[in-house]
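Mind looking over this structure? Questions follow.
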Amino acid sequence: MTDIQSVLDDAVAREAVPFIVAMVGDAGGVTFTGAAGEAAPGQTAGKDTAFRAFSMTKAIGSTAAMILIDRGKLSMDTPVAEILPEWDELRVLEGFDGDEPVLRAPKTQATIRHLATHTSGLEYEFWNPDVPRWMQATQHPTILSGLKSALAYPLTSDPGTRWGYGIGIDWLGRVVEEVDGRRIDAFCREEILDPLGMKDTSFEPDAYGDRLAQVSIRGEDGHFTPHEIAPPSRPEVYGMGHALYSTAPDYMRFLRMVLNRGALDGARILSEAAMEDMLADQMQGLKFETMRSVVPPLSADVELPEGTTHSFAFVRTETDQPGKRHAGTQSWAGVCNTHYWVDPAADVAAVLMTQSLPFAEPPLLETYDAFERAVYAA
């Protein structure tokens with residue numbers, strides 16, 4: 001049996017990752033904390049290291065919407081356009097006539113559930129080759145610009161017909177703002193982060209100083225070099241698909257709230273019934289589809305076990321993985337290789353975090369597999 005710390009040390013030694021911070025916990029507390037390597041030149045990685053969380057933000061955005069559902073102010077079946085009329089201006093991109101995009105009206109109505117489960121038809125330009133082509137033809141800004149106008153991506157399929165990884169949670173954050181009246185960063189701070197004691201999670205990097213890790217990208221020579229990538233600072237709209245910065249201990253508090261069915265240390269975020277709905281398969285018969293990378297330096301292809309679905313806030317594993325997670329496990333990640341899972345059946349939550357590209361490249365996935373096996377073996 002390989003111990004957990006050895007997995008981390010080995011990953012840095014063989015340059016599978018530039019550095020690594022890991023944490024394991026259960027409903028009662030943290031059971032393991034470890035790190036290896038330097039988070040930035042001269043800066044030893046540790047539990048205080050701060051990360052660009054990118055898509056680890058999504059679960060918190062979905063939780064924000066779930067809080068409103070729990071309070072009866074929203075439903076999973078509410079049409080998006082009922083709250084944000086501009087949704088009805090979006091069209092389905094069918095293809096191109098030469099360089100001219102061919103667009104049509106959607107045949108189905110998008111709901112809040114579709115936004116949360118990546119079945120609304122919205123896809124990132126990194127995963128569907130038609131989207132960057134459309135962006136080039138229309139000079140449309142990327143969602144990472146932070147501009148409100150950037151939200152108006154085309155749909156690549158009719159809502160409710162296919163899984164496609166995209167900016168649905170950014171729209172969901174806007175829904176929360178519209179229904180609640182507070183800006184999404186204030187809502188998350190007051191309703192999620194402060195009650196859970198997540199004092200080291202922020203929408204801006206200002207407070208971290210030299211604790212913020214450096215991002216590295218793997219070059220053609222196989223070695224890592226520094227790379228600049230970050231959520232847009234002080235944007236017009238905080239995108240709940242990517243906006244947050246956090247630390248391993250802070251994100252572990254969020255995951256332990258999930259294990260404790262909506263509460264942590266006396267603070268209740270969601271009712272137990274709402275938490276059950278949030279963790280249930282909400283794909284309505286659809287399944288996760290392999291994410292084919294359009295930009296290999298940024299991400300490898302992403303494949304998950306057969307039958308994988310999506311709950312309201314997470315990717316959801318539907319079958320026991322021998323020596324690893326159980327059916328009902330909730331998980332996801334951020335593009336700079338910050339990964340997590342929460343396994344209610346085993347009372348296990350874990351984070352495995354670095355700041356490297358490409359996302360989900362084979363050396364990283366080998367490390368993740370070894371880490372997960374060591375966690376369950378322990």
Side-chain angles (χ1 to χ4, degrees), residues 54-55 57-58 61-62 65 78-178 184 231-232 235-243 283-284 286-296 298-299 301-302 310 335 359:
F54 279 107
S55 289
T57 306
K58 287 179 168 70
S62 296
T78 303
V80 179
E82 206 173 279
I83 294 155
L84 301 172
E86 60 267 33
W87 178 271
D88 276 346
E89 294 164 24
L90 303 188
R91 294 289 173 265
V92 178
L93 177 62
E94 290 221 296
F96 295 83
D97 183 1
D99 291 330
E100 197 62 36
V102 178
L103 299 156
R104 64 163 172 84
K107 295 171 182 167
T108 50
Q109 195 172 47
T111 64
I112 299 305
R113 181 187 276 104
H114 294 145
L115 292 181
T117 56
H118 300 286
T119 57
S120 68
L122 290 168
E123 282 188 272
Y124 282 117
E125 62 267 35
F126 318 111
W127 305 108
N128 185 312
D130 284 349
V131 180
R133 194 173 164 191
W134 173 87
M135 291 171 89
Q136 199 172 359
T138 59
Q139 294 299 294
H140 190 81
T142 172
I143 193 67
L144 291 176
S145 66
L147 298 171
K148 191 175 177 183
S149 62
L151 285 159
Y153 276 44
L155 307 183
T156 53
S157 52
D158 290 302
T161 60
R162 189 174 69 81
W163 153 276
Y165 189 53
I167 67 167
I169 318 298
D170 300 84
W171 277 87
L172 196 58
R174 284 280 302 111
V175 166
V176 172
E177 291 182 326
E178 200 61 36
I184 193 64
E236 283 182 10
V237 175
Y238 280 114
M240 289 312 293
H242 58 260
M283 293 264 283
Q284 298 182 313
L286 299 176
K287 296 280 184 280
F288 176 92
E289 294 185 19
T290 297
M291 294 160 59
R292 302 274 174 216
S293 177
V294 177
V295 194
L298 191 71
S299 178
D301 290 351
V302 179
H310 205 284
V335 70
F359 176 64

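These values consider heavy atoms only, across backbone and side chains, with no hydrogens, waters or symmetry-generated copies. By convention here, the first residue in the shown sequence is residue 1.
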**Request:** Please work out which of the three classes, parallel, tilted or perpendicular, describes the rings of H140 and W134, given edges at 30° and 60°.
**Result:** tilted
**Item:** Passing candidate, side chain to side chain contact (heavy atoms under 4.5 Å, CB included) with L155, options T161, L122, L103
**Value:** L122
**Item:** Taking every non-hydrogen atom, the tightest pair across V237 and R174
**Value:** CG1-CD, 3.9 Å
**Item:** T57 (side chain) donor-acceptor with F54 (main chain) under 3.5 angstrom
**Value:** yes
**Message:** Using only atom types and a distance under 3.5 Å, with no angle test, would you say the side chain of T117 pairs donor to acceptor with the backbone of M283?
**Reply:** no
**Message:** Which residues pass the side-chain contact (heavy atoms from CB on, under 4.5 Å) test with D130, not counting sequence neighbours?
**Reply:** L93, F96, N128
**Prompt:** So which heavy atom on G61 is nearest to which on L172, and how close?
**Reply:** O-CD2, 4.3 Å
Could you tabulate the donor-acceptor pairs under 3.5 Å formed by side-chain atoms of residues 146-154, not counting sequence neighbours?
unit_1, atom_1, unit_2, atom_2, d
Y153, OH, E125, OE1, 2.7
Y153, OH, E125, OE2, 3.4
Y153, OH, I143, N, 2.9

**Donor-acceptor contact below 3.5 Å, side chain S120 vs main chain A110** = no
**Check: D88 side chain, A81 main-chain N or O, donor-acceptor pair, under 3.5 Å** = no
**Prompt:** Should we say atom CD of E86 is surrounded by more than 12 heavy atoms from elsewhere, each under 6.0 Å from it?
**Reply:** yes
**Short side-chain to backbone donor-acceptor contact, D301 and S293, under 3.5 Å** = yes
**Request:** On the 0 to 90° scale, with breaks at 30° and 60°, tag the H310-W163 ring pair as parallel, tilted or perpendicular.
**Result:** tilted
